[in-house]
Amino acid sequence: MVIDTRVNLGGLEMSTPLATASGTFGYGTEYAGAVDYSCLGAITAKGVRLDPWPGNAMPRHVEVPGGLVNAIGLQGPGIDAFLAHHVDEYERLFPGGPKMIVNIWGGTVEEYAEVASRLEAAGRKSIAAIECNVSCPNVKAGGHTFGHDTAVLGRLVAGVRAATRLPLIVKLAPNVGSIAPFAQTCADNGADAISLINTIPAMAIDIEKRVPVLANKTGGLSGRGIHPAAVKLVYDAHRAVKLPVLAMGGVYEARDAVEFMLAGASAVALGSAIFSDPGVVRKVYDGMLEYCSRHGFSAVSDLTGALAD
Amino acid sequence: MVIDTRVNLGGLEMSTPLATASGTFGYGTEYAGAVDYSCLGAITAKGVRLDPWPGNAMPRHVEVPGGLVNAIGLQGPGIDAFLAHHVDEYERLFPGGPKMIVNIWGGTVEEYAEVASRLEAAGRKSIAAIECNVSCPNVKAGGHTFGHDTAVLGRLVAGVRAATRLPLIVKLAPNVGSIAPFAQTCADNGADAISLINTIPAMAIDIEKRVPVLANKTGGLSGRGIHPAAVKLVYDAHRAVKLPVLAMGGVYEARDAVEFMLAGASAVALGSAIFSDPGVVRKVYDGMLEYCSRHGFSAVSDLTGALAD
Amino acid sequence: MFDETSTILAHEDIGGGYRHLVLRSPQVASAVAPGQFVHIKVPSLEQSALRRPFSVFNAEDGVVEVLYKTVGRGTAALGKSQVDDKVQVLGPLGRGFPLACRGKALLVGGGYGVAPLYFLARTLGAEKCILFVGGRTAGDLLALDRFAALGVDVRIATNDGSRGVQGFVTAPLDEEVNRLRAAGEEFEFFTCGPDGLLKAVADRALALGAPGWISADRHMICGVGACYACIQKTVRGNARCCIDGPVFSAKELVW
Amino acid sequence: MFDETSTILAHEDIGGGYRHLVLRSPQVASAVAPGQFVHIKVPSLEQSALRRPFSVFNAEDGVVEVLYKTVGRGTAALGKSQVDDKVQVLGPLGRGFPLACRGKALLVGGGYGVAPLYFLARTLGAEKCILFVGGRTAGDLLALDRFAALGVDVRIATNDGSRGVQGFVTAPLDEEVNRLRAAGEEFEFFTCGPDGLLKAVADRALALGAPGWISADRHMICGVGACYACIQKTVRGNARCCIDGPVFSAKELVW
Ligand SMILES: Cc1cc2nc3c(=O)[nH]c(=O)nc-3n(C[C@H](O)[C@H](O)[C@H](O)COP(=O)(O)OP(=O)(O)OC[C@H]3O[C@@H](n4cnc5c(N)ncnc54)[C@H](O)[C@@H]3O)c2cc1C
Ligand SMILES: Cc1cc2nc3c(=O)[nH]c(=O)nc-3n(C[C@H](O)[C@H](O)[C@H](O)COP(=O)(O)OP(=O)(O)OC[C@H]3O[C@@H](n4cnc5c(N)ncnc54)[C@H](O)[C@@H]3O)c2cc1C
Ligand SMILES: Cc1cc2nc3c(=O)[nH]c(=O)nc-3n(C[C@H](O)[C@H](O)[C@H](O)COP(=O)(O)O)c2cc1C
Ligand SMILES: Cc1cc2nc3c(=O)[nH]c(=O)nc-3n(C[C@H](O)[C@H](O)[C@H](O)COP(=O)(O)O)c2cc1C
Ligand code: FES
Ligand code: FES
């Protein structure tokens, strides 16, 4: 059986259901040689903002059972250098390669909107969608509050929507009592899709030195251990709104990706797993196809929400 | 060095800083023989409500990387049978044993208050504190909403407070944008302590059968993997309010318990780790004492919030 | 109940996907009764992994034996443990079989379900017992040599007829029941195995008014009655398989 | 860059808490240059564990060698891997040492810091190099036999005087620098080791106006430049140790 691997994520046409998660895959070029790009329908660039941003002090991460806690703090070169340098290099290395989702952030609605409109105005071939990060736990002045107040979120989504016609994905915070109102706010304000989940706020303490391990004190938990929490949020979001969901959080095996699809995701992003094993991209892709043929799905997109009851 | 192991958790005098987490230690007697009770300052009974409650259908749990997802659904015999049968047996088996914290829940403020006042009225020697569960993700009609709305939470805490003079601990939900307002609400309404964290809402899907694994569809994630998220919440709560914190979530080693204390906990509860290894109680206790002597702490209670900066 | 640090004395692949695990566990061995189980911490699984429950196949002279089938990641990982490795064994756990029996003890087992029946037969006395054992094929029949050495009368049925009569184990069972009833002899049922088999035996016990002792498998977390994960419905409501069972009377069970 | 499934050819405890790991990794071996590193997936750690970065000690004939110290759970777990086990090796990674040197190459190493310096010496040619190596005690000095076999002039200092001169390695280094300057000879510094040593060498390079090549260790996640975890401050801002380094010019570094 030939399986149709194409999925449509709110207008973003992906050749496969797999993407990479923002911040775990640089600007798309760094893993050349180790990751099989033919399995990816999209890559997501690291968070981009208007101006250059230094990120947090070191240490920026710590390994924990089941994953890692990071507080990179969104270091980035700003939109101009991103377009001039990183997008150029990506298009040079992967001329017909996976589409690029650009993850954006800022301190104000205006900043977000400005980045979005500059991305569209740039008219770059690879740039196919915008992911609006309203949920990074590592930047105090940044997106954090946007993700926890539906009124503020609504204004942000509407503002960015007005600034671009590119498919607009909103990346929501996982630490909410119920995801439904946030998903609904995205739908109501013109988002094309939502992505879930960002890292879960977390912390590690060096008990010998009696200080937080991270210079930023707290960070975000990603990796294997967060997967069951992510599945729940994707499931809830899928049932709450019609928007397609890009699911991420602790995908290490094909079964994790299939689980996300069945819970309601339209596409799945790999993040921390790539750090441990760049080969995971190929393995997850192959395993998803194997699952589809074994269960008689002729299109991967048919997995979305396909629970038996 | 002789280390003073006593801690005071909002009026609950514990002979050691260790407790067991509600729902993981039955009614305190089940692990007799396998757990070293002399290391425990308190045990927490499984959730008690006014009337008997059947809990959820099977399956009620699933193992996941880093822990488990459960949806037991608070099966219990109701307050009368609890007092007549379970408390009796506990006092018979452990006459001078660890104090009992009774975890309570209900559908209304009145139900919570009624359970609390009946517990106090019973005048049982072992019953030393009440833990008000406002955050169980597994009962729809139950405490869930109490934990996500500060106004509702305030009324609940005030209502239970009026019903009992026993030390009142409020167990908060982990899936909130910021724990501070919830902790503050507890303080403002007369709680003596807070406990953190309850399980994180989660889900697992059986991809072969294409159904949620749990009969309840979703459940709560506990175990090793949630520890870094719990440390962050304890740290935030400790800095937000003066109330002492009973910390729990993924303690498997002494270092995890010390981490909680340094983050601001006054006492630490062991939960899922006991399932894998009942000996963990002794190991964590010994390890904490070893840590105290190595770092020159003559009282375990001095660890609370003792970060270097 | 002990959480005993036990040493593996032998650990053999006995074919058909089964392994025979022999542990030096003097405390558990001296306290355990037939039908009870142990909760084993699989050494090579990650620290947070749950334990795995297994019936005690035999306990004698400080030694506990288990027969288990490799079905998933826990049993696969357990299979890699070697002689002299240490294993934490929590037990004895649960309510086992009654140790007295009026008349004949009809033991009915399938797969690893014969494990507790062997220990039971040894305790009741071989002469009181008849073992009815079924499987898809001859390879599924476990520990027949051990039952034979005990002197237990064994009746076999396999689906493919490769050993014993062809068909289900209920055929030779019904035959024996009819013989006993015709002879006016008393009997009780003791069974462990797949749910279908348990139900078939329970139905017969109820229909015939004979005592039926059913050992049920339920997924467990704690194994000691503390978590309420392992629910078996009974006429008295939700019971815990790990402490109210695993052996239930056919009369109590709600299917 | 390859993520090569490599086979362990040898894996020996060489004393002092160090191990010598020899891997068949033909792709990495043929592409790697001195000062570059590999990112190793430790086989027995859980699936989600991060990789561990190690400098390449030598690469020849399809074989990659690593010298590592057991310091935590990853290196402890790696130490349990045996000959013929498979290991995923991601590499070659990072920017290594420049492969040309005006005048003498003064290699300054401490601990496992000598590892990349050996590969460098082999590449630059032994006659161009002097190795200055320090340690607390004689047991901390690694791979001296290998340097000797190459024909490298080796100057040793130990804190306890158990081998070479007593004191810090900067003493024989400064002596040689003075000699070279007096003779009007050119030289460059190449160093890898603890931060204190790197700083001492960088200070000398800057003070003397000589090129200084400093290999810095920073904790890493990805090892390929994708995550921005491994920051080294430089005059141009935050650089990534894994791809902008690990070798930096003394002039770029901000301490
Ligand atoms: C009282 C009792 C006695 C048992 N006695 C035996 C025995 O003597 N020999 C034997 O081979 N097996 C026995 N079992 C079943 C045995 O516990 C499971 O086969 C084993 O737990 C499977 O673990 P796994 O990791 O390989 O399977 P997985 O399917 O990977 O396990 C996933 C989870 O499900 C649980 N699980 C899976 N299957 C079962 C099952 N059938 N029963 C209970 N839990 C299960 C596991 O414990 C684990 O928590 C018994 C079960 C119970 C409850
Ligand atoms: C470019 C580079 C080259 C290196 N070359 C060598 C070498 O040739 N020989 C050698 O013995 N060691 C080398 N190291 C250090 C080596 O990576 C660490 O000793 C190792 O990662 C420790 O892992 P662990 O799990 O045993 O320690 P743990 O302390 O348990 O590790 C916890 C985490 O911290 C990281 N970590 C701990 N120490 C270091 C360190 N010094 N540098 C970077 N990350 C660290 C680990 O990778 C892991 O993610 C090098 C490091 C870098 C960055
Ligand atoms: C090192 C690191 C950096 C990240 N940076 C970003 C970021 O810039 N923007 C963003 O929206 N998410 C960021 N994330 C979150 C991931 O995109 C993803 O949502 C999260 O890691 C969960 O997926 P995982 O468990 O597969 O890693 C980052 C995660 C990690 C581990
Ligand atoms: C099987 C199970 C049952 C639980 N039942 C309750 C309960 O009745 N009331 C409650 O407040 N918390 C309950 N919890 C949550 C625990 O008390 C604890 O908050 C949580 O498991 C985190 O700690 P841990 O990771 O150490 O297990 C339960 C947890 C588990 C695993
Ligand atoms: S397994 Fe915990 S009550 Fe039975
Ligand atoms: S380790 Fe990821 S950028 Fe260097």
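Predicted, not measured: the structure shown is a model, and the values here were computed from it. Order of the sequence lines fixes the chain letters, A, B, ..., with proteins taken first and strands second; residue numbering starts at 1 for each chain.
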Donor-acceptor under 3.5 Å (A:Y291 side chain, B:I207 main chain): yes

Donor-acceptor contact present, side-chain B:N175 to main-chain A:N175, <3.5 Å: no

Most contacts with chain A, counted as non-hydrogen pairs under 4.5 angstrom, among B:P65, B:A204, B:A230: B:P65

Winner by heavy-atom pair count (cut-off under 4.5 Å) against chain A, out of B:V234, B:V62, B:V231, B:D206: B:V231

Can you tell me which of [options] forms the most heavy-atom pairs within a distance under 4.5 Å of chain B?
options	answer
A:G66, A:A263, A:G250, A:A229	A:A229
A:L233, A:I205, A:L262, A:L303	A:I205
A:P174, A:G225, A:A306	A:A306

A:L221 side, atom CG; B:H227 side, atom NE2 - distance, nearest 0.5 Å: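 Rounded to the nearest 0.5 Å, the CG-NE2 separation comes to 11.0 Å.
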
Full working for side chain to side chain contact (heavy atoms under 4.5 Å, CB included) between A:M203 and B:E259: CA-CA 10 Å; A:M203 180 176 195; B:E259 212 181 348; over 6 Å; no

Shortest non-hydrogen contact from B:H148 toward A:G177: CD2-CA, 3.2 Å

Minimum heavy-atom distance B:A308-A:K209, with the two atoms named: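 Of all heavy-atom pairs spanning B:A308 and A:K209, the closest is CB-O, 3.8 Å.
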
Side chain / backbone / both / neither for B:V64 at chain A, heavy atoms under 4.5 Å: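 For B:V64, the side chain is the part near chain A, not the backbone.
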
Contacting moiety of B:Y252, where chain A heavy atoms sit under 4.5 Å: neither

Segment of A:V69 engaging chain B (4.5 angstrom heavy-atom cut-off):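 Just the side chain, heavy atoms under 4.5 Å.
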
Side chain to side chain, A:E208 and B:R294, heavy atoms closer than 4.5 Å: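 In contact.
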
